[in-house]
Structures are given as structure tokens and as C-alpha cells.
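What you see is a predicted model; the values in this text were computed from it and never measured.
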Amino acid sequence: MKADLAMFGGKPAVRPEYRRLEWPVVTQADRDAVLRVLDHGKFTVGAKEEPEISGLESEWAAFCDTRHAVSVNSGTVALELALTALGIGPGDEVIVPALSYVATAMAPLYQLAVPVFVDIDPVSFNIDVTQIEAKITNRTRAIIPVHLGGLPADMDEILALAHKYDLYVIEDAVQAQGGKYRGRTAGSIGDVGCFSLNVEKSIPTCGEGGLIVTDDERVAERCRSLRILGEDLSTEERLYVSATRGSNLKLSAVLAAFTRAQLDRFWDYQVRREQNIPVFLNRLAELPGIVLPSVPDDRTHMWHMLRFRFDPEAAGLDGITPGQFRQALRRALLAEGVPLTHYQIIPLPGQPVFQEQDAYGRGYPWSLPGVNPQRYDLADYPVTCAVIEDSLCLRRMHLNPDAGPALEEYADAFQRVWENLDVIGRFARSAPYAPPWAAVKGVGHAHAGAAA
């Protein structure tokens, strides 16, 4: 006998303690690391014999198989400084995927560069490499592939295009810490790799932080200078003399120490995730109408985020759209206690900051002389729109290494909902519906940009 759905008064399938699992897991090792900084009193870059930031940078470079790692105060700043260090400047174009966190596309704006968006692959959710070349112009200087959700992008194809057109490749690897692509470590494959230590990441700090990795000593030295107001760091004693424009973007030693403790446990945690998550996905694979995350044989998935697409036709439901199906499922699964959420409700080119094309006033950077007009029309990104409309994500909770029992109850909740798909179908047909981005003002057909 099938159980009543919680959304209609039944008992939820998931116990309250499993609705929000702790992440990051804070242990005595993390507390001891923070206290260690308080005891030695060396809190920032430049402090004599400061051990934590330099220690993290050395350990992170080894973790990523790169020669250099430079710590900064966020993943967004890591992207910004990487572009600056590579010489990306006003009016240059930077190719980015249409689905990512907004920081990926915001970083070029800090350089007065123009983001150029490319649709995503419907299976990997990463940038569609077959569409990149058509977006390359005489102003293109760089590509920022994102390893979305923890799955590395198609880096060999991207590197081939970069070589053909003399472009830089900056990996946005913030969601793929420790990931492998054909034997190479995420972040080490392009010219520069960027990471976030945001509290939601697989290797977090207790707040915000970031890291830049590279084999290029010149790029590393420039990033070190840029994070300290562009100071000349060649002198033995700090002279407080700025050689170029920079800002105060340093990572705190307290945050570095916390991350070092987390990094020390990372692979132990990842082994347990590799035990927990496939069991969960295998149970969901038995349910028709769910498209699960896939993993090509030549790379690893770090499971930072689990995205599920929903297909009403495959589930045996007629007369409803994938968006209606997703909306009804979210309502039902949240009531059961499964913390599913959107990851982005709008393609990046639909964000108001890009629709308005006026980041600094006077239409800059789009109105700079010689800049190619940009069309940011959602109709140009059909796969991104479809994925946002028909999918939901599990974030953060499953990173806890003890999430196995919770994931079992999440699977129970999915099974209960699927036993009541007739009810879900009726609810989906009757509920008002609009795509997730409908509530965002100013979205749709953007102007073509200001021609020079």
C-alpha cells in the first residue's frame, strides 16, 4: 500500500535531522588550527615567518600538481586576478558558459572586458565545445571553462581551440577540487586555475577564500603583487610602494589554517562520498523520468553538486511540460524532507547586469571604441534554458561523509513520490506555472549593444 504524500498530510519520509546535514564538518583539528594562529599571532601575508598562508599555498600547489599557488580572499577575486595577470584588458572578449555562478562572467567586467556566452552541453552541463569556435572574434583573448558540479569540462578540445587562436584558458575549478581529467588535475590543465574556499565547497574555509594555481612564475608573481595593492615585492623589506594597480585581497591566516585542516581530511571524506553517492544514484536510476548525473570514463566527478533533470514523458505523464513536472516534484520532495533547490534560476546572459550592458555607467565596457556588439538573448541559449527549467540540485548536504543514512531516506522519499505520480501529474496540470526566470525584471531580448 503506497503512503500518502507529505504535501497532502502524510508523514514525511525524511527525519528532521536529515533535512539539513552539517557542512563543513568542524572537528577538533579545525579548532586547533585556528587556535594555533591566535597563539603565534602571525595573521597575514608579509608577517615575518608566517606559516599558515605559505603552508596552504605550498600544499595546494602539490594538491593541484602545479608549481605555484597564490591565496586570495575569494574565488571571484581569483578569477579577476588571473585575467589581470594574463593581460586581459578593456574591450577584450572572454568566452564563458551560459550556466555558472555569476562570478565567472562578472570577473571579465572588472577588467572592462566583455563576456561572450556559449550554451552548455545537455549531459555534462559544461560549456558546449562544439559552439565555442563560432563565438571567437578578433577581440577574443581567453576562454573560462567551468567544471560545473564537479565534472571537468572537455579540456582537450578547449585547449586545441586556444592553441589555434592564441587564447588563454583560465579554469574555473571552484566546484571540482581534486577532480581528474585524463590523468590531469582540475586547475592544472589550462594557463591558470582558480578555486574558491567558500563554506559550501568540498574543501572550505570558515567563510570566504580563494586560490590561483599556475606553472607560470610570472603570472604567480603578478598575482601576489596584485593582491597587495600592486606593491613591488622584489625587495627584502616591504617598502609599501605600488608598481601597478592592485587592491587589498589577501587571505587571512586564520582562514588558511582552517583550510589546511580540511585539506588534510579531504581524500578520506571523498572516499566516503564515493561510497555513499553511487548507492543513492543507483536507487534513483530505478525510477523512470529522472536523468541522473553521468561520468565519462576519462574523468572523475567530485560530486560537488548533484543535478537531476526530469522528463514527464519518460515517467508516463502526458499533458505536462518538463517545467511543470519539475515544479510539482520540488513541492512534493521538499515536503518529504529532500532539500532540493535550483542552482541558478536564469542563464547568465539573462542576468540584469548583462541585459542592461552598463556595468560602470556610459554603457561600459560594451560601449568602448571598437567593441563588438553583443546580443544577450535567452533564445540563443536553449539548452541552458531547458536545463534550468527541468532540473533540480542537491547541494552541500551530501558532502558530509556521514550522509549515507540521509541519502537512503532521500531515496525513500523519491520512491514514495514516484509511487504517486498520478497525483503529481494532476497537481502539475492544475498549478500556475512560469519558468524560474520569469520573476527577474528586465529579462528577455536584450538590446544589441552599443556599436563603436
Task: Stepwise side chain to side chain contact (heavy atoms under 4.5 Å, CB included) check, Phe8 with Val423 - done: CA-CA 10 Å; Phe8 297 122; Val423 178; 3.4 Å; yes
State, with a plain yes or no, whether a side-chain heavy atom of [X] is found less than 4.5 Å away from one of [Y].
X: Lys180; Y: Pro152; answer: no
X: Pro347; Y: Cys385; answer: yes
X: Pro108; Y: Leu79; answer: no

Of all pairs that satisfy salt bridge (Lys or Arg N to Asp or Glu O under 4.0 Å), the ones with a partner from [range], not counting sequence neighbours:
range: residues 295-308; answer: Asp154-Arg299, Arg182-Asp298
range: residues 310-336; answer: Glu336-Arg416
range: residues 268-278; answer: Arg272-Asp402

Backbone N/O of [Y] and side chain of [X]: donor-acceptor pair under 3.5 Å:
X: Thr259; Y: Pro204; value: yes
X: Gln327; Y: Pro435; value: no
X: Asn400; Y: Met397; value: no
X: Thr321; Y: Gln324; value: yes
X: Asn126; Y: Leu148; value: yes
X: Tyr410; Y: Leu394; value: no
X: Tyr181; Y: Asp156; value: yes
X: Gln357; Y: Trp366; value: no
X: Gln355; Y: Pro349; value: yes
X: Arg396; Y: Trp23; value: yes

Atom pair [atom1]/[atom2] of [X] and [Y] - distance to nearest 0.5 Å:
X: Ile290; Y: Ser391; atom1: CD1; atom2: OG; answer: 12.5 Å
X: Leu348; Y: Gln344; atom1: CG; atom2: CD; answer: 6.5 Å
X: Glu389; Y: Phe310; atom1: CD; atom2: CZ; answer: 13.5 Å
X: Ser71; Y: Leu56; atom1: OG; atom2: CG; answer: 6.5 Å
X: Leu334; Y: Thr341; atom1: CG; atom2: OG1; answer: 8.0 Å
X: Asp412; Y: Phe414; atom1: CG; atom2: CZ; answer: 11.5 Å

Task: Partners passing salt bridge (Lys or Arg N to Asp or Glu O under 4.0 Å) against Asp128 (at least two apart in sequence or in another chain) - done: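 In terms of salt bridge (Lys or Arg N to Asp or Glu O under 4.0 Å), with neighbours along the sequence ignored, Asp128 is linked to no residue.
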Which residues share a ring-ring contact (aromatic ring centres under 6.0 Å, His included) with [X], sequence neighbours left out:
X: His301; result: Trp303
X: Trp60; result: Phe63, Phe195
X: Phe258; result: none

- [ ] Evaluate the criterion side chain to side chain contact (heavy atoms under 4.5 Å, CB included) for residue pair Leu399 and Tyr269; output intermediate values, then yes/no.
- [x] CA-CA 8 Å; Leu399 296 177; Tyr269 283 3; over 6 Å; no
Taking all non-hydrogen atoms of both residues into account, name the closest pair between [X] and [Y] and its distance.
X: Ile53; Y: Leu251; result: CD1-O, 3.1 Å
X: Ala82; Y: Cys194; result: CB-SG, 3.8 Å
X: Ser188; Y: Cys64; result: CB-O, 3.2 Å
X: Val123; Y: Asp121; result: N-OD2, 2.8 Å
X: Thr384; Y: Asp119; result: OG1-OD1, 2.6 Å

Task: Pair Arg375 + Asp380: basic N to acidic O under 4.0 Å - done: yes
[X]: what forms a side-chain hydrogen bond (donor to acceptor under 3.5 Å, both in side chains) with it, not counting sequence neighbours?
X: Arg309; result: Asp390
X: Tyr343; result: Gln175
X: Glu408; result: Arg283
X: Arg36; result: Glu52

Please tell me whether [X] and [Y] have a donor and an acceptor in their side chains that are separated by less than 3.5 angstrom.
X: Glu93; Y: Asn372; value: yes
X: Lys135; Y: Thr140; value: no
X: Thr205; Y: Gln262; value: no
X: Glu356; Y: Tyr376; value: no

- [ ] Please step through ring pair (Phe, Tyr, Trp, His ring centres under 6.0 Å) for the pair Phe354 and Phe117, ending with a clear verdict.
- [x] CA-CA 10 Å; Phe354 304 114; Phe117 296 99; 5.3 Å; yes
- [ ] Show your working on side chain to side chain contact (heavy atoms under 4.5 Å, CB included) between Val45 and Arg227 and close with a plain yes or no.
- [x] CA-CA 10 Å; Val45 170; Arg227 71 179 174 181; 3.8 Å; yes
TODO: Would you sort out whether Lys164 and Glu157 count as a salt bridge (charged side-chain N to carboxylate O under 4.0 Å, His left out), showing the intermediate values?
DONE: CA-CA 11 Å; Lys164 179 178 179 180; Glu157 292 86 344; over 6 Å; no
Task: His147 and Asp172: CA distance, side-chain angles, deciding distance, side chain to side chain contact (heavy atoms under 4.5 Å, CB included) verdict - done: CA-CA 6 Å; His147 306 317; Asp172 184 336; over 6 Å; no
- [ ] Check the surroundings of atom CZ in Phe308: do more than 12 heavy atoms from other residues, nucleotides or ligands lie under 6.0 Å from it?
- [x]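 More than 12 within 6.0 Å, yes.
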Task: side chain to side chain donor-acceptor pair (under 3.5 Å) pairs, two or more places apart, involving residues 207-216 - done: Asn198-Glu208
